Number of protein chains: 2
Amino acid sequence: MTAKGAGAVPKGTTQAAATGGGQPTIISIAERAGVSIASVSRVLNGIGARPATVDKVERAAAELGYVPNAVARSLKDGRTRQLTFAMPDIGNPVYVAMVRAIQSVAKAAGYRLLLHSTDAVAEDELAVLHSLGDRTSDGLILCPIRITDAHVDALRSASGPVVVIGSLPSGVPVDSVRADSVEGVALAVRHLYETGRRRIAFVNGPADTVPGHKRGEGFRKALADCGLVYDPELVVHTDFGIESGAAAAESLLDLKPDAVFGANDQLALGAARALHARGLRIPEDVAVAGMDDSVLAQAGWPPLTSVDLGSTERGRRAAELLLQRLDTPEAPGSTSENPTPRTTTAPPRLVVRASTGRAASDS
Amino acid sequence: MTAKGAGAVPKGTTQAAATGGGQPTIISIAERAGVSIASVSRVLNGIGARPATVDKVERAAAELGYVPNAVARSLKDGRTRQLTFAMPDIGNPVYVAMVRAIQSVAKAAGYRLLLHSTDAVAEDELAVLHSLGDRTSDGLILCPIRITDAHVDALRSASGPVVVIGSLPSGVPVDSVRADSVEGVALAVRHLYETGRRRIAFVNGPADTVPGHKRGEGFRKALADCGLVYDPELVVHTDFGIESGAAAAESLLDLKPDAVFGANDQLALGAARALHARGLRIPEDVAVAGMDDSVLAQAGWPPLTSVDLGSTERGRRAAELLLQRLDTPEAPGSTSENPTPRTTTAPPRLVVRASTGRAASDS
DNA sequence: CTGAAAGCGCTAACAG
DNA sequence: CTGTTAGCGCTTTCAG
């Protein structure tokens with residue numbers, strides 16, 4: 001209220017804006033340096049000015065402890081230099097890996113990272129997508145676990161650049177980075193087969209999620225490739241989580257599998273716990289393998305063989321794709337439509353550890 | 001460029017701003033609805049208006065798919081509804097727990113969360129502190145692992161509300177939430193003592209970090225309280241991390257401890273690995289306990305006894321403290337100085353699991 | 001080289 | 001109830 005019309009006050013009073021309660025602005029600096037705000041802006045942005053002016057401005061800015069107001073700048077040039085990453089659960093090491101990778105790329109490019117934990121709630125994901133329109137961030141990396149029609153619609157009409165980590169139905173004009181679950185599963189199954197396992201149980205995640213579905217499909221295929229028969233009894237669907245894995249494995253053990261494969265490390269670890277509890281030895285009696293190769297894989301004993309589906313890599317690529325979109329002003333085509341979507345697939349990698357050594361009967 | 005002076009154009013052309021390439025604004029809506037931007041603003045903010053007007057505006061807004069520009073709003077009312085959380089390493093489960101808690105509180109209060117991984121680099125922490133001045137977020141939760149004089153200075157002159165998770169030297173006018181490491185360590189040591197352990201080895205983190213120091217101090221004190229002598233040989237400092245823990249424990253095993261206590265779960269897990277590798281049984285031969293009670297504690301075998309230092313609780317409280325500061329316009333005292341800092345301490349909690357069962361010789 | 005002035009999108013007086 | 005207008009802080013023509 002006091003600082004009214006301060007912009008026009010040429011008196012070097014260092015008072016109005018400087019004391020006006022808030023942060024110093026270019027106005028405070030202009031007053032203090034006795035120049036116009038335009039000059040201040042120029043100096044601060046390294047645009048030509050007379051040495052004397054530069055000096056006065058820089059001195060004033062330093063004395064005042066000036067920090068440019070990012071919000072004002074954003075309003076002016078329409079970009080916030082913020083990226084949003086929305087994933088189901090920050091408690092899952094897989095997403096943590098993505099966050100790390102994304103944060104790292106973003107930081108290097110001068111972007112901040114806004115985090116959203118959606119708890120895999122579709123509504124939340126849609127809300128995030130919708131809120132892209134509020135211009136709070138320049139782009140979004142979305143990692144949905146289920147993809148509904150509503151997602152596709154929202155993706156179609158997104159009001160800003162989006163990159164999806166996950167498998168999108170074809171035809172959706174959005175960049176995406178996917179994992180090769182099928183090949184990943186095959187890697188593990190083949191490895192188990194080659195180390196002498198023939199009765200491989202599979203503890204899978206929820207069947208109605210994209211990853212759950214793909215992994216199940218991959219498992220079937222992989223068994224066939226190895227010439228093993230698919231026994232539905234040896235496959236269980238459950239929630240991701242150690243407890244769930246333990247419970248599920250518990251029920252499978254009566255079927256005397258010689259290997260348990262978990263659709264992620266938590267599940268595998270749960271299975272390992274069930275085995276330990278029954279006094280079964282890993283890997284002598286039963287081999288155990290997981291997926292994701294998260295920190296958890298090395299936490300247990302024996303260390304867990306696991307398939308790295310490239311979370312870090314996917315995060316990195318997603319961030320890079322997004323940044324590319326941001327740097328490319330606009331497709332020459334229609335109004336921000338027709339982005340000619342790009343898709344990459346991160347290759348899986350098998351990390352063999354002690355949990356899948358040879359079977360006792362095999363040695 | 002085309003949309004120049006659009007604000008003054010009263011013609012209901014629905015053209016200028018609506019087609020101007022970008023997102024719809026209140027101007028587009030005003031044009032389409034044939035009312036003034038002020039009316040649009042009022043309707044959109046639920047302030048009184050004639051039903052007919054309300055209707056026209058809402059219809060126009062819906063048709064245009066209008067989403068308010070958060071940046072513009074921020075510039076206007078000086079708040080972004082964003083919070084920043086800066087911690088050393090998002091890869092550490094402890095910080096993940098904090099992120100979760102903070103995100104949850106923030107979300108409930110309508111705030112977004114901005115994440116910064118500082119890699120425990122002091123410069124980065126200071127930069128974050130300094131960047132508070134750019135008004136990108138309304139407040140900061142900082143979790144430094146070391147606290148230098150520079151930190152204290154920066155904290156003193158912070159240009160916005162800050163809450164520190166960690167132990168601050170007294171006299172720094174900043175809210176903080178701390179863990180009670182000393183009592184936490186005591187909980188574990190006492191438990192080990194009570195279950196028959198007498199030669200307790202301690203794998204600690206870096207001595208020059210606040211947590212490392214406090215835990216070391218706590219360990220000494222706890223031993224004394226149990227009437228055990230402090231044997232410097234049984235204490236090792238190393239980096240946090242499973243590998244480090246394994247290596248460190250390795251070197252301690254020759255000293256025949258009957259328990260190994262890790263300053264965090266990773267360290268304890270590393271120790272467990274070393275024990276397994278030597279064929280020692282947990283807990284029959286050697287008990288193992290860790291700290292933080294992270295997800296890792298339940299990942300291994302046997303499940304790890306661990307002291308929960310309340311990461312989640314600390315995150316929650318920090319967020320709440322920060323939000324309180326934000327809701328409280330200003331201390332009646334001087335210009336945002338003298339915030340009469342508040343400090344809370346989260347109580348530690350011992351979680352007993354199988355890794356610290358009774359010793360074989362004791363049964 | 002420098003100053004005046006026009007906005008970026010929105011809210012909040014202040015007049016009608 | 002509604003329209004006009006003045007900014008929030010900054011960048012950027014456009015004239016000097």
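Values below: every heavy atom of this structure, side chains too, minus hydrogens, waters and symmetry copies. Here the structure is a predicted model, which means the values were calculated and not measured. Here is how names work: the chains are called A, B, and so on, in the same order as the sequence lines, proteins then strands, and each is numbered from 1.
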Practice item. Apply side chain to side chain contact (heavy atoms under 4.5 Å, CB included) to B/Leu115 and B/Met87, showing your working. Key: CA-CA 8 Å; B/Leu115 209 68; B/Met87 70 343 193; 4.2 Å; yes

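For D/dG3, the OP1/OP2 oxygens have a side-chain nitrogen or oxygen of B/Ser39 closer than 4.0 Å. In this model, the phosphate group of D/dC8 is not approached by any side-chain N or O of A/Asn69 to a distance below 4.0 Å at OP1 or OP2. A sub-4.0 Å separation between OP1 or OP2 of D/dC10 and a side-chain N or O of A/Ser41 is absent. Put simply, A/Ser36 has a side-chain N or O that comes within less than 4.0 Å of OP1 or OP2 on C/dG3.
Among residues two or more places apart in sequence or in another chain, the side chain to side chain donor-acceptor pair (under 3.5 Å) test is passed with A/Asp89 by B/Arg100. Remark: B/Glu63 pairs with B/Arg32 by the salt bridge (Lys or Arg N to Asp or Glu O under 4.0 Å) rule, at least two apart or across chains. The salt bridge (Lys or Arg N to Asp or Glu O under 4.0 Å) test applied to B/Arg316 returns B/Glu313, B/Glu320, not counting sequence neighbours. Residues meeting the side chain to side chain donor-acceptor pair (under 3.5 Å) test with B/Thr148, sequence neighbours left out: B/His151. Applying the salt bridge (Lys or Arg N to Asp or Glu O under 4.0 Å) criterion to A/Lys107, with sequence neighbours excluded, gives B/Asp124.
Nucleic acid contact for A/Ala49: sugar-phosphate only, since backbone atoms but no base atoms lie under 4.0 Å from a heavy atom of the residue. Residue-level contact check: B/Val35 touches the backbone only, with heavy atoms under 4.0 Å from sugar-phosphate atoms and none from bases.
Closest to the side chain of A/Thr53, from the set D/dG9, D/dT2, C/dT2, is C/dT2.
Each of A/Arg50 and A/Asp77 was matched to the nucleotide of DNA chain C holding its nearest heavy atom; the match closer to the 5' end belongs to A/Arg50. Each of A/Ala38 and B/Lys76 was matched to the nucleotide of DNA chain D holding its nearest heavy atom; the match closer to the 5' end belongs to B/Lys76. Between A/Val67 and B/Val54, it is B/Val54 whose nearest contact on DNA chain D lies nearer the 5' terminus.
Rounded to an integer number of Å, the gap from CD of A/Gln23 to P of D/dC8 is 15 Å. Atom CD1 of A/Ile27 is separated from atom P of D/dC8 by 6 Å (rounded to the nearest Å). Rounding to whole angstrom units, CZ of residue B/Arg73 and P of D/dC8 are separated by 19 Å. Regarding B/Arg135, its CZ atom lies at a distance of 13 Å from the C1' atom of D/dC8, rounded to whole Å. What separates CZ of A/Arg42 from P of D/dC14 is a distance of 14 Å, to the nearest Å. If you take NZ of B/Lys56 and C1' of D/dC1, they are 12 Å apart, rounded to a whole angstrom. Whole-Å rounding puts the A/Leu75 CG to D/dC10 C1' distance at 9 Å. We find that CD1 of B/Ile26 is positioned 6 Å from C1' of C/dG9, with the value rounded to whole Å.
Note on the helix from C/dC1-D/dG16 to C/dG16-D/dC1: angle between the axes of the first and last five pairs equals 50°, rounded to 10 degrees.
In this structure, A/Ser117 contributes its side chain and A/Asp119 its backbone to no donor-acceptor pair below 3.5 Å.
Using modelled atom types and a 3.5 Å distance limit, the side chains of B/Ser176 and B/Thr343 yield a donor-acceptor pair.
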